[in-house]
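In what follows, a structure is listed as structure tokens, so that the remarks can point back to it.
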Number of protein chains: 2
Amino acid sequence: MSKDRYDLPCNIAQTLNIIGDRWTLLIIHEMMIGRTTFNEIKKSLTGLSSKLLSDRLKYLEEAGLIVSALYSEHPPRYRYKLTESGEALETVFNSLIYWGRHHLPKCYKKLIHASCGHEVDISYHCPHCQTNVDDLKVIEA
Amino acid sequence: MSKDRYDLPCNIAQTLNIIGDRWTLLIIHEMMIGRTTFNEIKKSLTGLSSKLLSDRLKYLEEAGLIVSALYSEHPPRYRYKLTESGEALETVFNSLIYWGRHHLPKCYKKLIHASCGHEVDISYHCPHCQTNVDDLKVIEA
DNA sequence: AATACTTAGTTGTTTTATCACACTCAATCC
DNA sequence: GGATTGAGTGTGATAAAACAACTAAGTATT
């Protein structure tokens with residue numbers, strides 16, 4: 001159920017309450033790149049135990065980030081899929097990849113513009129002004 | 001020193017090895033919005049213990065995300081500041097704020113274009129083509 | 001037909017991480 | 001001179017995670 005590890009009035013803290021547990025983001029990431037079954041996920045995340053994966057999948061389904069669909073009755077077998085809000089974590093992954101690319105001693109992945117192959121930067125676009133903004137501000141909602 | 005909780009060849013996992021511990025991102029965030037001393041940070045993060053803050057600050061300094069500067073000799077008092085790589089986590093915070101804004105039941109912060117006040121979206125800009133890309137790709141580096 | 005293997009977990013124990021609380025030490029506030 | 005503040009350290013308790021073994025149903029192998 002809900003953990004509320006951080007009891008702070010902040011998007012960041014509240015978001016981390018959902019996805020900030022150990023392994024959680026990596027599990028979601030595996031699903032984002034196409035792994036859908038329990039063992040597919042488990043195999044690609046060496047060090048992750050069955051128990052923790054089982055716990056996390058249950059929690060993520062409660063939190064609405066994933067859905068499980070039965071694809072075999074006997075024995076029961078589930079396929080896990082991201083919901084819209086789970087898919088929306090892509091920007092979080094991209095920001096982590098971007099930071100890693102520029103600040104880790106060793107880098108494994110990078111973000112490129114598919115049609116030209118060059119690396120891209122993260123920017124902020126104002127749909128009202130139809131421009132990229134150089135004066136981003138974070139305000140209380 | 002290094003923990004290597006996740007032993008996976010992935011930017012995301014390696015980045016989370018540095019900033020994925022409990023409280024770590026929130027501590028960095030407090031520094032980003034201007035809190036610089038031990039007690040300033042501690043006070044604004046209710047629930048965080050002295051010990052953990054002390055541990056995290058030491059670790060983050062080792063990892064090169066922050067630096068501490070003595071501002072009083074007797075007694076020794078330090079002011080903590082983000083380094084360039086610490087500051088670069090801003091995109092990570094923004095992506096978390098953005099996700100929270102759109103997917104949390106309650107939202108506290110949002111990203112706006114300072115000069116017009118409208119909310120912005122996260123996008124990816126290709127400096128080579130000088131356009132925002134709609135065909136982002138993640139590739140092995 | 002018996003044995004082994006795979007999937008998708010559950011249960012139980014050990015180890016590690018985190019929390020809560022007390023304490024230090026020097027300086028300053030009342 | 002006692003209380004409070006700033007910046008921590010130390011210790012024991014508790015929660016979380018890692019590790020290991022086990023289940024149950026079906027599939028493949030010998």
Side-chain angles (χ1 to χ4, degrees), chain A residues 1-8 13 16-28 30-31 34-63 66-81, chain B residues 1-8 13 16-28 30-31 34-63 66-81:
Chain A
M1 191 69 86
S2 71
K3 311 202 177 179
D4 289 349
R5 307 183 309 158
Y6 306 125
D7 182 23
L8 299 163
L16 289 176
N17 270 336
I18 300 173
I19 57 159
D21 283 312
R22 262 216 241 313
W23 293 105
T24 300
L25 266 178
L26 295 179
I27 292 167
I28 296 171
E30 290 304 318
M31 295 175 67
R35 328 233 194 245
T36 56
T37 66
F38 191 91
N39 268 28
E40 264 182 331
I41 297 168
K42 184 162 153 43
K43 266 182 203 141
S44 45
L45 294 176
T46 39
L48 171 63
S49 72
S50 290
K51 174 164 171 48
L52 203 69
L53 179 53
S54 175
D55 290 352
R56 291 290 189 265
L57 289 171
K58 277 197 199 86
Y59 177 75
L60 288 172
E61 188 159 17
E62 269 180 59
I66 69 175
V67 282
S68 65
L70 201 69
Y71 71 88
S72 152
E73 290 255 17
H74 287 287
R77 293 277 178 273
Y78 294 93
R79 175 149 288 141
Y80 297 94
K81 259 187 57 188
Chain B
M1 192 66 92
S2 71
K3 310 202 175 177
D4 289 349
R5 307 183 308 160
Y6 306 126
D7 182 23
L8 300 163
L16 289 175
N17 270 336
I18 300 173
I19 57 159
D21 284 312
R22 260 215 243 312
W23 293 105
T24 300
L25 265 178
L26 295 180
I27 291 168
I28 295 171
E30 290 303 319
M31 296 175 66
R35 327 231 194 247
T36 57
T37 66
F38 191 92
N39 268 27
E40 264 182 332
I41 297 168
K42 183 160 154 44
K43 266 182 203 141
S44 45
L45 295 175
T46 38
L48 170 64
S49 71
S50 291
K51 173 156 176 50
L52 203 69
L53 178 54
S54 174
D55 291 351
R56 291 290 188 266
L57 289 171
K58 277 198 199 83
Y59 177 75
L60 288 172
E61 187 159 17
E62 268 181 60
I66 68 174
V67 281
S68 65
L70 201 69
Y71 72 87
S72 151
E73 289 256 17
H74 286 289
R77 293 276 179 275
Y78 295 93
R79 175 149 288 140
Y80 297 94
K81 260 187 58 189

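All values derive from a computational prediction rather than experimental measurement. Within every chain, numbering begins at 1; the chains are lettered A, B, ... in the order of the sequence lines, protein sequences first and strands thereafter. The basis for the numbers below is simple: all heavy atoms, side chains too, and nothing from hydrogens, waters or symmetry mates.
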### Task
Calculate the interatomic distance between Leu48(A) atom CG and dA17(D) atom C1'; express it in whole Å.
11 Å
### Message
When you measure from the side-chain N and O atoms of Trp23(B) to the phosphate of dA17(C), is any distance below 4.0 Å, counting only OP1 and OP2?
### Response
no
### Message
Would you compute the distance between atom CG of Leu53(B) and atom CG of Leu45(B) and round it to the nearest 0.5 angstrom?
### Response
8.0 Å
### Task
Calculate the interatomic distance between Leu53(B) atom CG and dA17(C) atom C1'; express it in whole Å.
16 Å
### Interatomic distance, Asp55(B) atom CG to Ser50(B) atom OG [nearest 0.5 angstrom]
10.5 Å
### Per Thr37(A) side chain, nearest of listed nucleotides dG6(D), dA8(C), dC19(D)
dA8(C)
### Task
Please determine if a side-chain N or O atom of Tyr59(A) lies less than 4.0 Å away from the OP1 or OP2 oxygen of dA16(D).
no
### Message
Between Ser49(A) and dA20(D), is there a contact of a side-chain N or O with OP1 or OP2 at under 4.0 Å?
### Response
no
### Task
Could you check which of dT9(D), dA8(C), dA17(D) has an atom nearest any side-chain atom of Lys58(B)?
dT9(D)
### Message
Taking the minimum atom-to-atom distance to the side chain of Leu52(A), which one of dG8(D), dT10(C), dA18(D) wins?
### Response
dA18(D)
### Query
Between Asp55(B) and Ser50(B), which is nearer to the 5' end of DNA chain C once each is assigned its nearest nucleotide?
Asp55(B)
### Query
Taking for each residue the nucleotide of DNA chain D with the nearest heavy atom, is it Lys51(A) or Arg22(B) whose nucleotide lies nearer the 5' end?
Arg22(B)
### Query
Side chains of Arg35(B) and Ser44(B): donor-acceptor distance under 3.5 Å anywhere?
yes
### Query
Out of dA7(D), dA20(C), dT18(C), which has the shortest distance to the side chain of Phe38(B)?
dA7(D)
### Query
Counting side-chain heavy atoms from C-beta on, which of dT18(C), dA8(C), dC19(C) comes nearest to Asn39(A)?
dA8(C)
### Message
Does dA17(D) have OP1 or OP2 under 4.0 Å away from a side-chain N or O of Arg56(A)?
### Response
yes
### Task
Considering just the side-chain nitrogens and oxygens of Lys43(B), establish if one lies under 4.0 Å of OP1 or OP2 belonging to dG6(D).
yes
### Message
Nearest 0.5 angstrom please: Lys42(B) NZ to Thr37(B) OG1, how far?
### Response
12.0 Å
### Message
Taking 4.0 Å as the cut-off, does a side-chain nitrogen or oxygen of Tyr80(A) come that near to OP1 or OP2 on dG9(C)?
### Response
yes
### Tyr6(A) side-chain N/O to Leu26(B) backbone N/O, donor-acceptor pair under 3.5 Å
no
